[in-house]
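Before any comments, here is the structure.
Every value quoted in this text rests on a predicted model; they were computed, and no experiment measured them.
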Amino acid sequence: MKKQLISSGTPWEPLVGYSRAVRLGPFVYVSGTTATNSQGSLTGIGDPYAQTAQILLNIKTALEKAGARLEDIVRTRIYVRNIDDWEKIGKAHGEFFKTILPATSMVEVKRLISEEILVEIEADAYIQNDY
């Protein structure tokens, strides 16, 4: 099985030594993803709902580059700076996954890479059929 490395083109990937996503056979693993837009700027500053929505769009883009879809996601892991934001974050997650219903967890963490980042999400997908 050949391993496919997916890049988002950010300057942090080569600096830290990671890929946005990795596909190996039918499995796709998406790294911790933040609300960075295509210009490399953080979106939704101060807004956990907006950050979550942007993150899930970024995950969708990474999956598409790997030949997968949101419907292939089987698990998400949500890291939040303030667990009191769970309803706003959960609302955005629910809008993307209302019929997909992956296994998930949401945990509060003390810090993320930047003070402005309120949410970071990882995702795992399993592709049953190539599209």
Side-chain angles (χ1 to χ4, degrees):
M1 242 179 274
K2 184 178 181 224
K3 181 167 66 170
Q4 178 186 3
L5 305 177
I6 310 300
S7 174
S8 62
T10 67
W12 305 284
E13 290 172 12
L15 179 68
V16 178
Y18 74 98
S19 295
R20 167 62 38 226
V22 176
R23 178 175 178 176
L24 184 61
F27 300 99
V28 181
Y29 305 96
V30 182
S31 293
T33 303
T34 60
T36 306
N37 64 24
S38 60
Q39 291 78 42
S41 302
L42 185 66
T43 63
I45 293 174
D47 184 343
Y49 173 89
Q51 285 195 16
T52 303
Q54 180 65 54
I55 290 165
L56 295 171
L57 289 172
N58 293 349
I59 288 172
K60 180 178 186 267
T61 298
L63 288 170
E64 288 170 351
K65 288 181 180 180
R69 307 175 303 163
L70 282 177
E71 290 81 3
D72 297 318
I73 291 180
V74 295
R75 181 172 178 81
T76 59
R77 291 171 201 81
I78 307 169
Y79 304 99
V80 302
R81 292 268 317 280
N82 182 354
I83 199 66
D84 292 336
D85 291 333
W86 75 267
E87 288 181 89
K88 295 171 188 168
I89 295 162
K91 181 179 182 204
H93 188 276
E95 289 170 359
F96 278 79
F97 294 110
K98 62 184 162 201
T99 60
I100 302 166
L101 303 174
T104 195
S105 53
M106 183 185 302
V107 295
E108 182 179 59
V109 295
K110 183 176 178 179
R111 294 174 64 192
L112 292 168
I113 197 91
S114 164
E115 289 296 316
E116 295 175 325
I117 296 173
L118 305 175
V119 183
E120 184 170 325
I121 301 175
E122 300 175 342
D124 300 333
Y126 178 78
I127 305 169
Q128 288 189 340
N129 300 309
D130 285 341
Y131 308 105

State, with a plain yes or no, whether a side-chain heavy atom of D85 is found less than 4.5 Å away from one of V80.
no
Would one find more than 12 heavy atoms of other residues, nucleotides or ligands at under 6.0 Å from atom CD1 of I113?
no
Residues E95 and Y49: side-chain donor-acceptor under 3.5 angstrom:
yes
With a 4.5 Å limit on heavy-atom distance, are the side chains of I59 and E122 in contact?
no
What is the distance from atom CG of L42 to atom CD of E116, rounded to the nearest 0.5 Å?
6.0 Å
Single-linkage hydrophobic cluster V74~F27, side-chain heavy atoms < 4.5 angstrom:
yes
Do Y126 and L24 share a hydrophobic cluster, counting only Ile, Leu, Val, Met, Phe, Trp and Tyr and linking them when any side-chain heavy atoms are less than 4.5 Å apart?
no
Atom pair CD (E108) and CG (N82), whose distance is rounded to the nearest 0.5 Å:
6.0 Å
Thinking salt bridges, do K60 and E64 make one under a 4.0 Å N-O criterion?
yes
Rounded to the nearest 0.5 Å, how far does CG of D47 lie from NZ of K88?
7.5 Å
Out of curiosity, does L5 fall in the hydrophobic cluster containing Y29 (side-chain heavy atoms, cut-off under 4.5 Å, transitive links)?
no
Identify the heavy atoms of A92 and A53 that sit nearest to each other, and give their distance.
CB-N, 4.1 Å
Membership question, hydrophobic clusters at under 4.5 Å side-chain separation (ILVMFWY): are L112 and I55 in the same one?
no
Among side-chain atoms of R20 and T33, is any donor-acceptor pair under 3.5 angstrom?
yes
Verify, without hydrogens or angle tests, whether R77 (side chain) and S105 (backbone) share a donor-acceptor contact under 3.5 angstrom.
no
I'd like to know if the side chain of Q51 reaches the main chain of L118, judged simply by a donor and an acceptor atom lying under 3.5 Å from each other, with no hydrogens or angles considered.
yes
Is a donor on one side and an acceptor on the other found under 3.5 Å between the side chain of S31 and the backbone of S19?
yes
Please list all pairs meeting ring pair (Phe, Tyr, Trp, His ring centres under 6.0 Å) that have one or both residues in residues 70-107, counting only residues at least two apart or in different chains.
H93-F97
Do the side chains of S7 and K65 get nearer than 4.5 Å, heavy atoms only?
no
Close side-chain approach of P102 and I73, heavy atoms under 4.5 Å:
yes
Has the side chain of D124 got a donor or acceptor atom that lies under 3.5 Å from a matching backbone atom of V30?
no
State, with a plain yes or no, whether a side-chain heavy atom of M106 is found less than 4.5 Å away from one of I89.
yes
Does the T43 side chain pair with the main chain of A35, one donor and one acceptor, at a distance under 3.5 Å?
yes
Side-chain contact, heavy-atom cut-off 4.5 Å: L63 with D72?
no
Any salt bridge between E115 and R81, counting N to O under 4.0 Å?
yes
About how many Å separate CD1 of I83 and CD1 of I78, when rounded to the nearest 0.5 Å?
9.0 Å
Treating S41 as the side-chain partner and N37 as the backbone partner, does any N or O pair qualify as donor plus acceptor under 3.5 Å?
no
Does the side chain of E13 pick up a donor-acceptor pair with the side chain of S8 at under 3.5 Å?
yes
Hydrophobic cluster identity match, L56 and I100, side-chain contacts under 4.5 Å:
yes
The criterion is side-chain hydrogen bond (donor to acceptor under 3.5 Å, both in side chains); which residues satisfy it with Q4, sequence neighbours excluded?
none
